2 protein chains.
Amino acid sequence: MPKLEEIVQQLEETGYRNTASRREVIAAVLSQRGHFAIDDICQQVRWAGRATVFRTMKLLQDTSVVCRVLLENGNLHYRLSSIGHHHHLVCVECGGVQDMEDCVVAEMLTRLANQTSYAIEGHWLEFYGRCGDCRVAKPELQAV
Amino acid sequence: MPKLEEIVQQLEETGYRNTASRREVIAAVLSQRGHFAIDDICQQVRWAGRATVFRTMKLLQDTSVVCRVLLENGNLHYRLSSIGHHHHLVCVECGGVQDMEDCVVAEMLTRLANQTSYAIEGHWLEFYGRCGDCRVAKPELQAV
DNA sequence: GTGTTTATTGAGACGAAGTATCAGTTAGTT
DNA sequence: AACTAACTGATACTTCGTCTCAATAAACAC
Ligand SMILES: [Mn+2]
Ligand SMILES: [Mn+2]
Ligand SMILES: [Zn+2]
Ligand SMILES: [Zn+2]
């Protein structure tokens, strides 16, 4: 979990400038718990403009500081990420997210490469369910 | 691949009314090739309003007449679907889509149920790559 | 420090996607 | 024919994200 200074420095080494707005957005992101929408950052930020929030979020995606979480309703959220490529287990009740560090489909990629003529370049995978706590709280609903 | 009359009849049996607008939207959907956006339907339709197109598309999703295709850029498209649960292999160059009838992660679900406290209720999985034809046309780009 | 260059900023316009409202219409039923 | 609940569509609205562009401020060289 990198700190503000580390992130800024890494950006500087890649040629990005160390600006006050950028720092404010990154600080707001680092203060988040769980997953959050871009709009959450926009509201938490004082002077940084909306466009800058979007621009900075894209930078943080590219540098793997945050990962994207596709909610079941289609909304796109973000989340601090200390690991590389991974997938999510999202609780549809409490919104809790669990990282799955082992990529389930990695082993599938070579199989796909053989069975089809496609060259696989990427994939999107999210799991939805109800976490243990929520199942205890409302046991009447059970997965099929 | 169900025909218009079959779809309408199935909807009627579920309590939905057989209306002219609904038929027009469904007919437009059935005329599509490959994947399409809702806006494509809105433009192809004469009298049916935009709200009705969205409403009817939701019906067609629920009855598995169409499936959703999440494009790499985040756009949501639709596609006629004759099969049940499946996933997609999307060519990022030509937009071609190939159905993957075997669900790769099905076997993973029981493993997840054991390893975590989550009750898995659903998942989203899409693959992106370049199809055989596009690879032949522009062989310089190769997947890693 | 001063000046130059170039990336960056933010206000605001814009567009796409989807939802909410609601008075008027229509399908199915009696 | 009358009734009623479902449906429609125009329109307003929200949310998400991009684009533009004049103004600003890093970084760097002197
Ligand atoms: Mn994550
Ligand atoms: Mn499909
Ligand atoms: Zn993966
Ligand atoms: Zn599946």
Side-chain angles (χ1 to χ4, degrees), chain A residues 4-5 7-29 32 35-63 66 68-79 124, chain B residues 4-5 7-29 32 35-63 66-79 95 124:
Chain A
L4 175 60
E5 297 308 327
I7 298 172
V8 171
Q9 182 176 348
Q10 190 191 344
L11 287 177
E12 274 187 293
E13 288 166 0
T14 330
Y16 292 100
R17 292 184 177 172
N18 180 355
T19 72
S21 297
R22 206 167 259 167
R23 294 172 65 90
E24 195 193 23
V25 173
I26 298 175
V29 167
Q32 298 295 315
H35 52 88
F36 55 91
I38 285 197
D39 198 58
D40 295 330
I41 306 297
C42 290
Q43 291 179 1
Q44 194 170 132
V45 140
R46 299 189 218 174
W47 1 287
R50 220 170 65 94
T52 298
V53 173
F54 273 89
R55 285 188 281 239
T56 306
M57 286 303 296
K58 197 154 287 176
L59 281 183
L60 295 181
Q61 286 173 56
D62 296 342
T63 53
V66 298
R68 302 189 301 171
V69 181
L70 182 65
L71 300 189
E72 205 181 24
N73 61 13
N75 285 0
L76 194 56
H77 275 216
Y78 296 86
R79 189 157 179 265
W124 191 291
Chain B
L4 174 61
E5 297 308 327
I7 298 173
V8 171
Q9 182 177 347
Q10 190 191 344
L11 286 177
E12 274 187 291
E13 288 166 1
T14 329
Y16 292 100
R17 292 187 177 169
N18 179 355
T19 72
S21 296
R22 206 167 258 165
R23 295 173 64 92
E24 195 193 23
V25 173
I26 299 176
V29 167
Q32 297 295 314
H35 53 87
F36 55 91
I38 285 198
D39 198 58
D40 295 330
I41 305 298
C42 290
Q43 291 180 1
Q44 194 168 132
V45 140
R46 299 189 219 174
W47 1 287
R50 220 170 68 94
T52 298
V53 173
F54 273 89
R55 286 188 280 241
T56 306
M57 285 305 295
K58 198 155 287 174
L59 281 183
L60 296 181
Q61 284 172 58
D62 296 342
T63 52
V66 299
C67 57
R68 304 188 301 172
V69 181
L70 182 66
L71 300 190
E72 205 181 24
N73 61 12
N75 286 0
L76 193 56
H77 274 215
Y78 297 86
R79 189 156 178 266
W124 190 291

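Because the structure is predicted, anything quoted here is derived from the model rather than measured. Numbers restart at 1 for each chain; the letters A, B, ... are given by sequence-line order, proteins then strands.
Contact annotation: S21(A) side-chain N/O to dG10(C) OP1/OP2 distance is under 4.0 Å.
Here the side chain of H77(A) pairs no donor or acceptor atom with the backbone of L71(A) at under 3.5 angstrom.
Residue N73(B) contributes atom CG, which lies 12 Å from atom C1' of dA16(C) at whole-angstrom precision. Counting to the nearest Å, the P atom of dT19(C) and the CE atom of M57(B) are 12 Å from each other. As a whole-Å value, the separation of R22(B) CZ from dT26(C) P is 15 Å. Regarding D40(B), its CG atom lies at a distance of 9 Å from the P atom of dA17(C), rounded to whole Å. Between the CD1 atom of I41(B) and the C1' atom of dG18(C) there is a distance of 16 Å, rounded to whole Å. Atom pair E13(B):CD and dG28(C):C1' shows a separation of 15 Å (rounding to whole Å applied). One can place CG of L11(A) at 13 Å from C1' of dA7(C), the figure rounded to the nearest angstrom. Here dT9(C) presents its C1' atom at 13 Å from CD of E24(A), a figure rounded to the nearest Å.
Residues satisfying the side chain to side chain donor-acceptor pair (under 3.5 Å) criterion with D39(A), sequence neighbours excluded, are Q43(A). For E12(A), there are no salt bridge (charged side-chain N to carboxylate O under 4.0 Å, His left out) partners, not counting sequence neighbours. Not counting sequence neighbours, R50(B) has no partner by the salt bridge (charged side-chain N to carboxylate O under 4.0 Å, His left out) test.
Scanning all heavy atoms of the two residues, the minimum distance from V66(A) to Q61(A) falls at CG2-N, 3.8 Å. For L59(B) against R22(B), the heavy-atom pair with the smallest separation is CD1-NE, 3.7 Å. Nearest approach of Y78(A) to M57(A), heavy atoms of both residues: CG-CE, 3.5 Å. Contact detail for R46(A) and E24(A): the closest heavy-atom pair is N-OE2, 2.9 Å. Listed here is the closest heavy atom pair of L4(A) and A27(A): CD1-N, 4.2 Å.
One finds the CG atom of D62(A) at 7.0 Å from the OH atom of Y16(A) (value rounded to the nearest 0.5 Å). With rounding to the nearest 0.5 angstrom, the CG atom of L60(B) is 14.0 Å from the CZ atom of R55(B).
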Atom pairs under 3.5 Å, N or O on each side, protein against nucleotides 28-30 of chain D: can you list them with distances?
none

Please enumerate all protein N or O atoms sitting under 3.5 Å from an N or O of nucleotides 23-25 of chain C, with distances to 0.1 Å.
none

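The T19(B) side chain lies nearest to dT8(D) when the options are dG28(C), dT8(D), dA27(D).
Across all strands shown, E12(A) has heavy atoms under 4.0 Å from sugar-phosphate atoms exclusively, and none from any base.
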How does protein reach along nucleotides 10-25 of chain D, written 5' to 3' as B (base within reach of a heavy atom under 4.0 Å), S (only sugar-phosphate), or - (no contact)?
-> ------SBBB-----B
